[in-house]
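These notes are about the structure you will find just below.
In the text below, chain A, chain B and the rest are named by the order of the sequence lines, each starting its count at 1.
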Amino acid sequence: MNVKTFVIRSEAPSAALALVKLSLEKYQRELNAAQLEAVTTTQGPVLVVAGAGTGKTKTLTYRAAYLVAMGVPASEILLLTFTRRAAQEMLRRAATVGDARAADIAGGTFHAYANRVLRQHGAALGLGPNFTVLDQADAEDTIDYCRTALGLHDKGTRFPRKFVLNDMISAAANKQQSIEEVVLQGYPHFEHCLEDIGKLAKFYSHYKQTNNLLDYDDLLTQLQRLLLEHPAIHRRIAGGWRYVMVDEYQDTNLVQAELTKLLSSVHGNVMAVGDDAQSIYAFRGANYRNILDFPQAYPGCKIIKLEENYRSTQRILDVTNFIINQAQEKFSKHLYTRREPAGEFPALVTAPDENMQSAFVAQRILELREEGVPLHEIAVLMRNGRNSFDLEIELQRRKIPFVKYGGQKLVEAAHIRDFLSYLKVLHNPKDLVSWNRILLLLEGVGPRTARGVTDWIKDAEEPYSLERATASRKYVLALRELGELLGRLARPEISLSNITEAVLAYYLPLLRRHYFEDHPRREADLENFLTIISSSDSVESLLSELALDPVDQAATYERLENDEKPLVLSTIHSAKGLEWHAVFLINALDGIIPSSYALGNSTELDEELRLLYVALTRAQNLLYMCYPSLASRRGYDYYLTNPSRFLKELPGEIYERLLLVEEPAVNLALNEPA
DNA sequence: TGCCCCCCTGTTTTT
DNA sequence: CAGGGGGGCA
């Protein structure tokens with residue numbers, strides 16, 4: 001098909017034109033040719049393939065500012081990004097580039113955007129406006145609840161666990177496949193219970209429908225359904241977006257790709273930005289093919305490549321280019337920089353064991369700080385959240401403040417979820433999963449009793465009159481106390497802070513009993529959590545904020561004692577899009593990166609390689625790739641390890657090796673005058 | 001029948 | 001380190 005573009009000239013007021021001319025000089029001065037082209041190409045579909053550190057964010061930011069300066073109302077621009085943080089940061093910067101109005105551009109994740117639209121138009125699908133969003137842990141609990149309801153819980157031992165079930169159901173939604181296909185392809189060892197899994201998936205779906213619940217995948221698929229099945233609504237919504245921009249397009253899944261198409265279908269002005277070499281979310285249904293297929297999906301699409309790197313030194317790029325070239329699937333970009341000088345060689349650091357690795361990292365960080373590098377300009381990256389435990393202890397010992405991103409989140413910790421369950425029940429008295437959770441905290445109440453009570457709640461007119469739920473006198477007092485508390489707090493005039501205070505007073509004794517061994521730590525967590533959420537103004541907004549934009553600090557969070565901005569610890573996934581002066585990658589071991597789960601499969605192995613690539617390309621000036629040659633399992637039982645297979649082939653002339661040795665006692669003797 | 005405690009195992013990454 | 005399963009006990 002031949003496609004030409006025909007530009008309809010807008011009759012912009014001349015004042016705006018003058019402004020554009022004026023600022024165009026600024027754009028020409030501050031952007032390179034490819035970036036400028038991406039910024040000023042406003043009509044039709046555009047794909048920007050942007051290598052790591054090539055000014056991707058800058059390009060999007062300037063484009064947003066440019067569009068607004070051209071006179072496009074901010075309310076007609078939609079910017080979809082991977083995290084809400086990224087969107088806010090981008091819009092804030094856009095406002096400083098050109099026009100303060102740029103800050104009013106609608107931005108956020110696909111999920112957050114879907115949430116907004118569905119609250120408004122969900123009625124067309126039979127959704128109430130006050131549906132509850134289930135985060136992953138909620139979804140798992142709900143699935144577990146459904147499993148029990150179907151009586152699949154005591155059918156023997158081989159039934160998948162709740163998080164596996166959730167993965168299956170989610171994969172089916174994200175890849176637009178049937179649950180049977182997913183199980184047969186990805187979980188052949190569960191083929192024998194295919195039928196029960198299918199039954200459960202159906203029941204779960206039905207349960208969500210009748211209880212006004214949406215999980216993450218539903219947010220996307222329901223929005224898709226809304227746009228597909230209701231042309232009038234589709235026209236109105238898509239008609240409102242004159243410009244659609246999608247960041248990190250390589251991490252979109254099929255549904256998101258489809259949504260992009262649907263949302264931009266009226267005006268046809270869509271820009272996708274991404275890097276196929278940085279696709280790291282396949283486990284979530286992301287398909288990096290989306291970005292490769294973009295030109296086919298949007299005939300007439302203009303492709304712009306950004307290849308000049310502004311972030312890293314040449315020596316870092318030499319290593320990262322080599323790394324990514326080991327991929328089975330070849331990438332077409334080759335990053336270069338004009339930065340001078342070439343910088344320090346990236347270092348491969350072999351530590352005798354994990355403690356020494358931590359000691360090295362901590363010591364080197366302190367040295368850098370002495371040299372004037374602020375702590376927050378340094379990051380320690382790891383494959384999974386638990387890889388940093390040893391280092392965290394070392395950092396605490398040396399009083400180095402840090403924040404940790406990724407890994408287990410505060411809102412996923414059992415005690416925080418307990419606490420939130422009270423709020424959820426207040427928000428939605430028919431939330432049986434949350435009821436179940438808080439009932440189980442009562443002394444003497446187990447699954448069976450809890451089940452009886454939730455069965456009663458399901459049809460109860462006054463669900464807070466809990467004492468009517470059971471004939472057994474054993475629990476009546478505890479149930480009455482709980483019911484009265486909730487009944488008192490359910491009034492609309494009670495403020496969120498009053499609610500949290502009362503719930504805390506009620507819950508603390510339960511927490512101490514239930515998590516006796518480590519309750520002080522958990523109490524501290526809870527306190528920390530309450531400070532974080534104190535800015536919310538209602539239970540409803542708090543809950544949906546938490547589901548869609550969870551407090552992204554991990555549960556272990558060192559409070560700062562002074563004003564110094566902390567060192568950053570982060571999983572590689574959470575480090576996406578960020579950069580630091582110095583980057584330490586720790587535990588770069590075979591079996592960790594690449595993960596042992598990916599070893600058997602070259603597609604997954606490639607994703608691990610891209611992940612390593614993402615980690616290393618975060619570094620501006622200094623890069624340390626560390627691994628311990630001896631690791632321990634559960635604190636004893638040491639065994640030898642191998643460094644990541646991806647690092648083995650690195651040519652000797654592009655990096656340097658650092659062998660760690662303990663300061664020999666001899667030196668002390670020599671330094672001391674006899 | 002239902003609850004509680006101990007032991008075991010293993011979750012990579014996130015909206 | 002946390003959650004699930006199994007066994008023991010009321």
Side-chain angles (χ1 to χ4, degrees), chain A residues 80-86 108-115 133-141 144 153-154 156-157 159 161-164 166-167 170 173-174 214-220 248 251-253 255-256 279-286 381-387 389 405-409 411-415 417 440 442-452 472 474-475 513-518 521-522 546-550 552 554-556 570-576 587 589 591-599 604 607-608 610-612 614-615 633-635:
Chain A
L80 295 169
T81 54
F82 209 72
T83 61
R84 191 146 74 175
R85 238 190 335 162
T109 60
F110 277 95
H111 293 88
Y113 175 66
N115 177 51
V133 177
L134 304 176
D135 66 19
Q136 176 163 325
D138 295 334
E140 285 174 6
D141 286 351
D144 218 30
H153 55 297
D154 48 18
T157 50
F159 203 69
R161 303 229 247 136
K162 61 180 179 182
F163 62 83
V164 180
N166 187 43
D167 282 354
S170 177
N174 283 307
L214 295 183
D215 63 22
Y216 284 142
D217 302 322
D218 294 329
L219 285 171
L220 301 182
E248 310 278 14
D251 287 319
T252 54
N253 61 31
V255 186
Q256 289 165 324
S279 164
I280 53 174
Y281 280 96
F283 69 90
R284 198 172 84 182
L381 304 183
M382 58 264 174
R383 175 67 178 87
N384 70 56
R386 293 189 285 204
N387 287 155
F389 286 164
Y405 296 100
Q408 199 198 25
K409 294 197 175 78
V411 283
E412 288 166 357
H415 47 295
R417 297 183 54 73
L440 287 174
L442 299 174
E443 192 150 20
V445 175
R448 201 74 194 196
T449 313
R451 175 101 217 147
S472 164
K474 208 163 138 198
Y475 318 109
R513 189 178 66 82
H514 213 75
Y515 306 101
F516 181 75
E517 307 78 41
D518 57 351
R521 187 182 64 81
R522 290 176 193 263
L546 281 177
L548 293 166
D549 190 28
D552 52 7
T556 48
S570 175
T571 58
I572 301 173
H573 283 90
S574 298
K576 172 193 252 291
N587 286 317
L589 294 170
I592 290 189
I593 182 163
S595 158
S596 52
Y597 297 90
L599 294 184
E604 288 181 35
E607 173 138 325
E608 296 288 316
R610 292 194 296 269
L611 197 52
L612 178 65
V614 169
R633 199 166 29 210
R634 289 205 265 288

Touch class at under 4.0 angstrom, heavy-atom based, for A/Phe110 against every strand present: nothing
First encountered from the 5' end of DNA chain B, between A/Asn166 and A/Leu440: A/Leu440
Residues that A/Asp138 engages under salt bridge (Lys or Arg N to Asp or Glu O under 4.0 Å), provided they are two or more places apart: A/Arg417, A/Lys424
For atom CG of A/Asp141 and atom P of C/dA2, their distance in whole Å: 16 Å
Given B/dT13, C/dG4, B/dT15, the nucleotide with the shortest approach to the side chain of A/Tyr216: B/dT15
Any A/Ser574 side-chain N or O less than 4.0 Å from OP1/OP2 of B/dT14: yes
Rounded distance in Å - NE2 (A/His415) to P (C/dA2): 8 Å
Phosphate OP1/OP2 of B/dT14: any A/Thr571 side-chain N/O under 4.0 Å: yes
Nucleotide nearest A/Ala414 (side chain, heavy atoms from C-beta), chosen from B/dT15, B/dT14, C/dG3: C/dG3
Sub-4.5 Å side-chain heavy-atom contact between A/Thr252 and A/Phe110: yes
Sugar-phosphate, base or nothing in reach of A/Lys576, heavy atoms under 4.0 Å: nothing
Gap between atoms CZ and P, on A/Arg417 and C/dA2 respectively (whole Å): 14 Å
Atom-pair distance (CG on A/Asp144; C1' on C/dA2), nearest Å: 15 Å
Between P of B/dC4 and NE2 of A/His514, the distance in whole Å: 9 Å
Rounded distance in Å - CD (A/Glu412) to P (C/dA2): 13 Å
Spacing of A/Asn384 atom CG relative to B/dG10 atom C1', expressed in whole Å: 12 Å
Face-to-face contact A/Phe283 to B/dT14 six-ring, under 5.5 Å, under 30°: no
Contact check, side chains of A/Tyr281 and A/His573, non-hydrogen atoms, under 4.5 Å: yes
A/Arg522 side chain near C/dA2 phosphate (N/O to OP1/OP2, under 4.0 Å): yes
Rounded interatomic separation in angstrom, taking CD from A/Glu140 and P from C/dG3: 11 Å
A/Gln256 and A/Leu80, any side-chain heavy atoms less than 4.5 Å apart: no
Qualifying residues under ring-ring contact (aromatic ring centres under 6.0 Å, His included), relative to A/His111, sequence neighbours excluded: A/Tyr216
